[in-house]
Amino acid sequence: MDEVTRGTFLRVKQEVTVAIDLLNWLTGHDIKLPELQQSHLDVWQAEGPTTRRIAERFLKWAIKTKAAPAGLTIVPHRRRGTSPRLTKPGQDEALKRVILEDELETRDRAAAILILVFGQQAENIARLTWNDVTITDELVTIQLGTIKIALPDPLAQPWRELAANPGHDLTASHPNTRWVFRGASLGRHIHPGHLTTRLSKLFSTRAARLGTLHELTKLAPVAIIAETLGYSPATIERHAADSAAAYAQYIAARK
């Protein structure tokens, strides 16, 4: 065999490293490779660096060998700064609709608040249990990271309504379940992709989440935001850098 070039060696090494990163992430989220879904891949890719797109070769191998479900894809990474982001006026308008439009289902309103106000991912919202939420006559709190967050009115009202009528409780599918967002399957929470589809009539969940994190990094230190919202500091640091860069461009344009 011909000698392997350094470039080839480094490329293969990176492919293996990224594949290991994906498998470790799945293990950390209690997801087996045969159970991998597109929503899982989307979340994993969105949370990490652009190099995660290199997992495409591993994914194709896993599908070909039937180790992973067919039809999964790695989305080509957008160039920095090209990801759509809901602007502050857009966020305010969407939140106004969520609060005021009575025809929206309660669980959609509750989930939308977590995205528009706290920049939460659909996957993490779907996995919330009532152990994460505390509702009293005086206060509604929710724990997304390590700190309990108090929801003021009118943000608290959909959560009070959801606690009183969580849905799917009249069937045998959810006896004594603790899932906040119950799914149609026996004892399972709502699928993140289904939740995203439900909310798409209001806003793009990805654009809203990115817009929210962009704004939040202007208001508090990275470490506090990460700890409160359940994100890694590195992820919030990236949003903070983007926010600072955008602000610098704004100042330059004003001069």
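Side chains included, hydrogens not; waters and symmetry mates left out as well; all remaining heavy atoms used.
Here K60 pairs with E56 under the salt bridge (charged side-chain N to carboxylate O under 4.0 Å, His left out) rule; sequence neighbours left out. Take E215 and apply the salt bridge (charged side-chain N to carboxylate O under 4.0 Å, His left out) test, not counting sequence neighbours, and it matches K218. Every side chain to side chain donor-acceptor pair (under 3.5 Å) that W25 has, sequence neighbours left out, goes to E47.
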Worksheet item: Step by step, would you call T212 with Q91 a side chain to side chain donor-acceptor pair (under 3.5 Å)?
Response: CA-CA 8 Å; T212 298; Q91 289 175 289; 2.8 Å; yes
Worksheet item: Given K201 and D108, is the side chain to side chain contact (heavy atoms under 4.5 Å, CB included) satisfied, shown in steps?
Response: CA-CA 10 Å; K201 61 180 178 288; D108 291 345; 3.5 Å; yes
Discussion item. Assess the residue pair D21 and W44 against the criterion (side chain to side chain contact (heavy atoms under 4.5 Å, CB included)); give the C-alpha distance rounded to whole Å, side-chain angles, the decisive distance to 0.1 Å, and a yes or no.
Written reply: CA-CA 10 Å; D21 177 68; W44 174 75; 3.0 Å; yes
Worksheet entry | Working for side chain to side chain contact (heavy atoms under 4.5 Å, CB included), residues N124 and V43 | CA-CA 10 Å; N124 293 337; V43 170; over 6 Å; no
Item to complete: Evaluate the criterion side chain to side chain contact (heavy atoms under 4.5 Å, CB included) for residue pair I190 and I125; output intermediate values, then yes/no.
Response: CA-CA 9 Å; I190 190 172; I125 294 174; over 6 Å; no
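Atom-to-atom distance recorded for E161:CD and E105:CD is 12.0 Å, nearest 0.5 angstrom. The structure places CD1 of I74 at 11.0 Å from CZ of R53, a figure rounded to the nearest 0.5 Å. Here the OG1 atom belonging to T129 is positioned 11.5 Å from the CZ atom belonging to F181, to the nearest 0.5 angstrom. Here the CD1-CG distance, from I236 to L216, works out to 8.0 Å after rounding to the nearest 0.5 Å. Atom CD of E103 is separated from atom CZ of R97 by 8.0 Å, given to the nearest 0.5 angstrom. Interatomic distance, CD1 of I113 versus CG of L95, reported as 6.5 Å (0.5 Å rounding).
Within 6.0 Å of NZ on K64 lie no more than 12 heavy atoms contributed by other residues, nucleotides or ligands. Heavy atoms from other residues, nucleotides or ligands lying under 6.0 Å from CG of D153 number more than 12.
Hydrophobic clustering, with ILVMFWY side chains joined whenever heavy atoms are under 4.5 angstrom apart, groups L100 together with L162.
Using a 4.5 Å heavy-atom threshold, the side chains of L36 and L33 count as touching. L59 places a side-chain heavy atom less than 4.5 Å from the side chain of L41.
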Only distances under 3.5 Å count here; give the side-chain donor-acceptor pairs of residues 221-231 to other protein atoms, sequence neighbours excluded, each with its distance to 0.1 Å.
residue: E227; atom: OE2; partner: T146; partner atom: OG1; Å: 3.0
residue: T228; atom: OG1; partner: I224; partner atom: O; Å: 2.7
residue: Y231; atom: OH; partner: G119; partner atom: O; Å: 2.5

In residues 135-145, what donor-acceptor pairs under 3.5 Å come from side-chain atoms, sequence neighbours left out?
residue: T136; atom: OG1; partner: E138; partner atom: N; Å: 3.3
residue: T136; atom: OG1; partner: L139; partner atom: N; Å: 2.9
residue: T136; atom: OG1; partner: L139; partner atom: O; Å: 3.2
residue: Q143; atom: NE2; partner: G145; partner atom: O; Å: 3.3

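Contacts classified as ring pair (Phe, Tyr, Trp, His ring centres under 6.0 Å) and involving residues 49-69 (residues at least two apart or in different chains) are given here: F58-W61.
The main-chain N or O of H40 is never found under 3.5 Å from a side-chain atom of E123 such that the two would form a donor-acceptor pair. Between the R109 side chain and the V98 main chain, a donor and an acceptor come within less than 3.5 Å of each other.
Closest non-hydrogen pair, R209 versus I115, comes out as N-CG2, 3.9 Å. The two residues H191 and S39 come nearest to each other via the heavy atoms CE1-OG, 3.5 Å. Taking all atoms of both residues into account, the shortest heavy-atom contact from P34 to P69 is O-CG, 3.2 Å. Contact record, R127 with W179: O-CZ3, 3.4 Å, taken as the closest heavy-atom pair. Heavy-atom minimum distance, L195 versus A111: CD1-CB, 3.9 Å. Taking every heavy atom of both residues into account, T217 and H239 meet most closely at OG1-O, 3.7 Å.
Comment: R206 does not engage D42 in a salt bridge, judged by the lack of any side-chain N to carboxylate O separation of less than 4.0 angstrom. Comment: D92 engages K88 in a salt bridge, judged by a side-chain N to carboxylate O separation of less than 4.0 angstrom.
The only member of D132, T134, L128, V133 that meets side-chain contact (heavy atoms from CB on, under 4.5 Å) when paired with W130 is V133.
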